[in-house]
There are 4 protein chains.
Amino acid sequence: MTLSQPVPPLSPPAGRARRKDARPGELLVAALDVFVERGYTAARLDDIAQRAGVSKGTVYLYFKDKEELFEAVVRETLGTLVARGHAVAAGHTGTARSLLREILSYWWRDIVNDPRLSALPKLMIAEAGNFPRLALSYYQIVIEPARALLRDVLERGMRSGEFRAVATTNFVQFIIGPLLYRQCMQHSFALAVPGISLGDDQFFESFLDHLLRSLAPVAPEAAGT
Amino acid sequence: MTLSQPVPPLSPPAGRARRKDARPGELLVAALDVFVERGYTAARLDDIAQRAGVSKGTVYLYFKDKEELFEAVVRETLGTLVARGHAVAAGHTGTARSLLREILSYWWRDIVNDPRLSALPKLMIAEAGNFPRLALSYYQIVIEPARALLRDVLERGMRSGEFRAVATTNFVQFIIGPLLYRQCMQHSFALAVPGISLGDDQFFESFLDHLLRSLAPVAPEAAGT
Amino acid sequence: MTLSQPVPPLSPPAGRARRKDARPGELLVAALDVFVERGYTAARLDDIAQRAGVSKGTVYLYFKDKEELFEAVVRETLGTLVARGHAVAAGHTGTARSLLREILSYWWRDIVNDPRLSALPKLMIAEAGNFPRLALSYYQIVIEPARALLRDVLERGMRSGEFRAVATTNFVQFIIGPLLYRQCMQHSFALAVPGISLGDDQFFESFLDHLLRSLAPVAPEAAGT
Amino acid sequence: MTLSQPVPPLSPPAGRARRKDARPGELLVAALDVFVERGYTAARLDDIAQRAGVSKGTVYLYFKDKEELFEAVVRETLGTLVARGHAVAAGHTGTARSLLREILSYWWRDIVNDPRLSALPKLMIAEAGNFPRLALSYYQIVIEPARALLRDVLERGMRSGEFRAVATTNFVQFIIGPLLYRQCMQHSFALAVPGISLGDDQFFESFLDHLLRSLAPVAPEAAGT
DNA sequence: TATGAATGAGGCTTCATTCAT
DNA sequence: TATGAATGAAGCCTCATTCAT
């Protein structure tokens, strides 16, 4: 079950008795929604339970506590997506360039433009400082694997001569930064600042072009002041 | 840059609570610290008052409630940042490249590496969704001016032939993104994930080089897949 | 002495829930264990059910609620203790001294040093205040018969001249007190206070000697201040 | 402030505003009452606060949590009494016999016969197993000091030749056991079993006589079988 | 202007008990 | 007879806010 795939509408399925194996999924969907809307701290277990159509206590049949519920949400959503990214990379046989494009456009399409998934990184940025356990598991499930994936792509391109030599750890942040920035702006300011510009329709193509230009093996004649 | 120095009000005080003159200064410093350390929700009025050396009740003599205190902190603090940024830009006479370097290295040195100031954008990203009014004023005071500044630099370079033609609104985000990403990682994850890598010592030079390579007027023969 | 062996009901089953015949045995054993380990309030029906190898709901097929289960445990368990105590007394033909020694060493060996049985009196002390009905039956089944038994021994000794004249009701408590005290300390503090001293290996012999010295018919010349 | 001395009636002092230094005492009195009536776990902070005439939150201005409140109750009551016992012993100049009598009659009068103080040891026996921190502090504040006090008395008597040689650690339990047993019976069974006999009026004198006979230096001719 | 004791609503979590299957 | 998923009341604790002094 992956939350990133079209999810059955959230209206509580009316009937009371449910099957045990359907519960966790329903709870995760409800939890994702509430966490996204309210933030981790402000999200109330009550709301999540209600939205999932169960009582408060039921949540605790499936998740030890609020933190574990959140962790499960992250794992099932972003964790799954990152894992899929790794699968894509593993099965890729073309150029590093095309792999980079594939991975990033995947990220762009399925995460940046998903109103719920795109909220999670912002959420983590907001709460990580106060919930070290959360921060650590998010780092292990999402951040480090995502970075490793991008490092791998860069290294492939460097080995094949498609990319110039770069410090991958740094460069990975040049890749992640703008996309994450856009996600954060979207969720933090788009509502309060209706006219905010998040770039034009060509944002993604423009970004990819930007990266590839920087990565081009031709040394520019002047990079200093 | 210190809050304890009188900072010129950045915008007409909005016709709200007034007498924020003498005592509030210490309160704002204390509040900044605590908000930075804990985040908005987790920051306790108790701690702020104690750190400012006053009693809890006193806070309410100057600020209507926690939200207004938070607003005041953001407003007073970020004002100085933008003001100085504008000054740097206005006084510059050299190439667009050198201006870009100057502005970014200012940001890098004085903000990204300042443990308190660097925390504010993260704080805003975290809380903007819950404080639309604050989000709007932050956008007007910080985000839009900062973007305008960078757009201006890019346009200068494009006019002078130093930079290729780029969609400035997009490209500005390629610039802001990585630096902000680094700030956020620093404040959200560095403590909880001790081993996290934020890049090597050359991060900033490496980033500047990356930008200038992308901006180089020579069009690479292949940017597509 | 094991609960899994059929134990003759000690008192008419009080006209309450009946069919406690086949399955309840395992439940009572499990309940005894959990009550002993955790105390009444902290004992969870979940744990008891799990340890008995049944589901939580099954417990309610045999016992109306937690209180009735607790009553059943106490009733079934302590019954065997007193029954055997009476048998020992009835079959004794020697001196009062030797009977006292026999009864107490039985208590010492089979109860004080049994990790489960020794916990029950502590449990009763802890909970009697909250379960008056249980308190009454425990008094009738255990306390009063045990006291009567000891009073009888003392009276035998006084009649035979082995013991001085004592107020038996008082003296019985001088006998019971130290042994019970030890049981309570064992179960309440031994775990939390690892270094606690419960006396040396000679505790029991030392105690018996203590009693017999006090009971010696020779009146000491000075007992007052 | 000692709770063992006649305490001002518990009715909430009507007036709302109270002095800060009066609060802890009022809270301790209320807490002692509620703990004694309900036991530690069943005692609700709400009840304690209400009985002290304050709101729930106020309790937390003076005590970190429920455990610390309970610990304070123990310290201020039994802890104070035990400390006073040590003072009595330190200032004593007469025989060991008279000191033993003085200390025990003090215990008898001020603790065993105090309806509230006498409940605490039972309470601890009931709860120690589930609250190790509580158990440890009770051991340190009450049990070990009380035992040390009695060991000291026994040793004085042995040195002066008033008492025979005894294993003090064992014998101390012969002293404590019966008195504690009586306290426990009083609180656990007296209400539910109206007719229960806790011994006659001479209980205490009878007990002291019992101890002194056992401690008498004259060796009885027969202590075996 | 300043204090700080007091308030009390609100959230997470536990667990005895129920009931549809 | 047996299950075990679901319930929901209840309690501890926090903390923004108030107010008498």
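Every chain is numbered from 1 and lettered A, B, ... according to where its sequence line falls, protein lines coming before strand lines. None of these values were measured; they are calculated from a predicted model.
- Side chains of D:L120 and D:L32 form a contact here, defined as non-hydrogen atoms less than 4.5 Å apart.
- At whole-Å resolution of the value, CG in C:L27 and P in F:dA2 are 9 Å apart.
- Nucleotide E:dG10 is matched to F:dC13 when pairs are restricted to Watson-Crick or G-U wobble geometry with both distances under 3.5 angstrom.
- For the pair B:L69 CG and F:dC15 C1', the computed distance is 15 Å after rounding to whole Å.
- Of the listed nucleotides (F:dC12, F:dA2, F:dA16), F:dA2 has the atom at the smallest distance from the side chain of C:T58.
- Side chains of B:E37 and B:D47 form no contact here, defined as non-hydrogen atoms less than 4.5 Å apart.
- By the 4.5 Å heavy-atom criterion applied to side chains, B:K122 and A:I125 are counted as neighbours.
- When Watson-Crick and G-U wobble pairs are counted only if both distances are under 3.5 Å, F:dT18 pairs with E:dA5.
- Using a 4.0 Å heavy-atom criterion, one finds that A:L61 contacts the bases of the nucleic acid, with or without backbone contacts as well.
- Going from atom CD1 of C:I48 over to atom C1' of F:dT3 covers 18 Å, rounded to whole Å.
- E:dT14 atom P lies 14 Å from atom CZ of C:R38, rounded to whole Å.
- Residue A:Y60 contributes atom OH, which lies 16 Å from atom P of F:dA6 at whole-angstrom precision.
- Within 4.0 Å of C:A49, counting heavy atoms only, lies no atom of the nucleic acid at all.
- Checking E:dT13, F:dA16, E:dT3 against every side-chain atom of B:L45, the shortest atom distance belongs to F:dA16.
- We find that CD of C:Q50 is positioned 12 Å from P of F:dT3, with the value rounded to whole Å.
- Within the 4.0 angstrom heavy-atom criterion, no nucleotide atom of any strand lies near B:A42.
- Here E:dT13 is the nucleotide among E:dT13, E:dT17, E:dT7 with the atom lying nearest to any side-chain atom of A:K66.
- Counting any heavy atom pair closer than 4.0 Å across all strands shown, A:K56 reaches a base atom.
- Distance, C:E68 CD to E:dA16 C1': 15 Å, rounded to whole Å.
- Of the candidate nucleotides E:dT17, E:dG8, E:dT1, E:dG8 has the atom nearest to the side chain of D:S55.
- Protein atom CD of A:E67 is 14 Å distant from nucleotide atom C1' of E:dT13, rounded to whole Å.
- Annotation: side chain of A:L28 is in contact with side chain of A:F63 (closest heavy-atom distance under 4.5 Å).
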